[in-house]
Amino acid sequence: LGEPVAFGDGLHRGMPGRPQNFTIDPRGRPGTISADVAGPLQNVPCQLTPQSDGTVAASYVPRETGPHSVDVRLDGKPLDGSPFKPYIVDPSRVRISGGWSPLVNEKGIIPLHVNKEKLLPF
C-alpha cells in the first residue's frame with residue numbers, strides 16, 4: 001500500500017461560485033476521510049462522495065476570492081501536501097494596465113482564462 005494522496009485542480013486554483021473538484025485516494029487504507037475548506041473570511045462546505053474504485057470525490061463551491069485552505073485527512077492525520085492552498089480568482093475582476101494594445105480584443109480587453117497560460121512580453 002502506498003501513502004494516501006489527494007489530487008486535482010480544486011487543490012490549486014478555482015473561481016468563486018463554481019464547483020472545485022479533487023480526488024482523495026486512501027490507497028486501500030481504512031479510516032475516516034475528512035476535508036475542511038476555509039476561505040479568507042468563512043468556511044466552505046465540502047462534499048465527499050465515495051467512488052466504486054475506492055477513491056473519494058470531493059467538491060466545494062468557494063464564495064470568496066483569495067487564498068483558501070483545504071485540509072485533507074485520513075483518521076485525523078494530514079495527507080502529504082495538506083493543507084493545500086488553492087487561490088480563488090474572479091477573472092472578471094483582473095485588470096492589467098500599460099502598453100498591451102497588441103493583445104487586446106475589439107472591446108479593449110485582454111482575454112484571460114483560468115487554467116490557460118497567456119504569455120505577456122515585458
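In this text the structure is predicted, and so the values were computed from the model without any measurement.
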Between Pro26 and Thr55 the two heavy atoms that sit nearest each other are CD-CA, 4.2 Å
Donor-acceptor contact below 3.5 Å, side chain His68 vs main chain Gly66: yes
So, using salt bridge (Lys or Arg N to Asp or Glu O under 4.0 Å) as the criterion, who are the partners of Arg63 when residues are at least two apart? none
Which of these, Asp9, Val56, Leu11, sits in a side chain to side chain contact (heavy atoms under 4.5 Å, CB included) with Phe22? Leu11
What are the two closest heavy atoms between Leu74 and Pro4, and how far apart are they? CD2-CG, 3.6 Å
Minimum heavy-atom distance Gln20-Gly14, with the two atoms named: OE1-CA, 3.1 Å
Please write out which residues are connected to Val5 in a hydrophobic cluster, directly or through intermediates, given that two of Ile, Leu, Val, Met, Phe, Trp, Tyr count as joined at side-chain heavy-atom separations below 4.5 angstrom. Phe7
Side-chain polar contacts of residues 79-89 - donor-acceptor pairs under 3.5 angstrom, sequence neighbours left out - could you list them?
from  : atom 1 : to    : atom 2 : distance (Å)
Ser82 : OG     : Asp71 : OD1    : 3.0
Ser82 : OG     : Val72 : N      : 2.8
Ser82 : OG     : Val72 : O      : 3.2

Ala58 and Leu48 have their tightest heavy-atom pair at CB-CD2, 3.6 Å
NZ/NE/NH1/NH2 to OD/OE distance under 4.0 Å, Asp25 and Arg27: yes
Is it the case that the side chain of Arg73 and the backbone of Thr32 share a donor-acceptor pair, with hydrogens and angles ignored and the cut-off at 3.5 Å? no
Would Met15 and Val44 show up in the same hydrophobic cluster when neighbours are defined by side-chain heavy atoms closer than 4.5 Å? no
Write out all pairs satisfying side-chain hydrogen bond (donor to acceptor under 3.5 Å, both in side chains) with one or both partners inside residues 37-51, taking only residues at least two apart or from two chains. none
Tell me, please, which residues at least two apart from Pro19 pass side-chain contact (heavy atoms from CB on, under 4.5 Å). Asn21, Ser59, Val61
State whether the number of non-hydrogen atoms from other residues, nucleotides or ligands found under 6.0 Å of Arg13 atom CZ is greater than 12. yes
Sequence neighbours excluded, which residues qualify as side chain to side chain donor-acceptor pair (under 3.5 Å) partners of Asp36? none
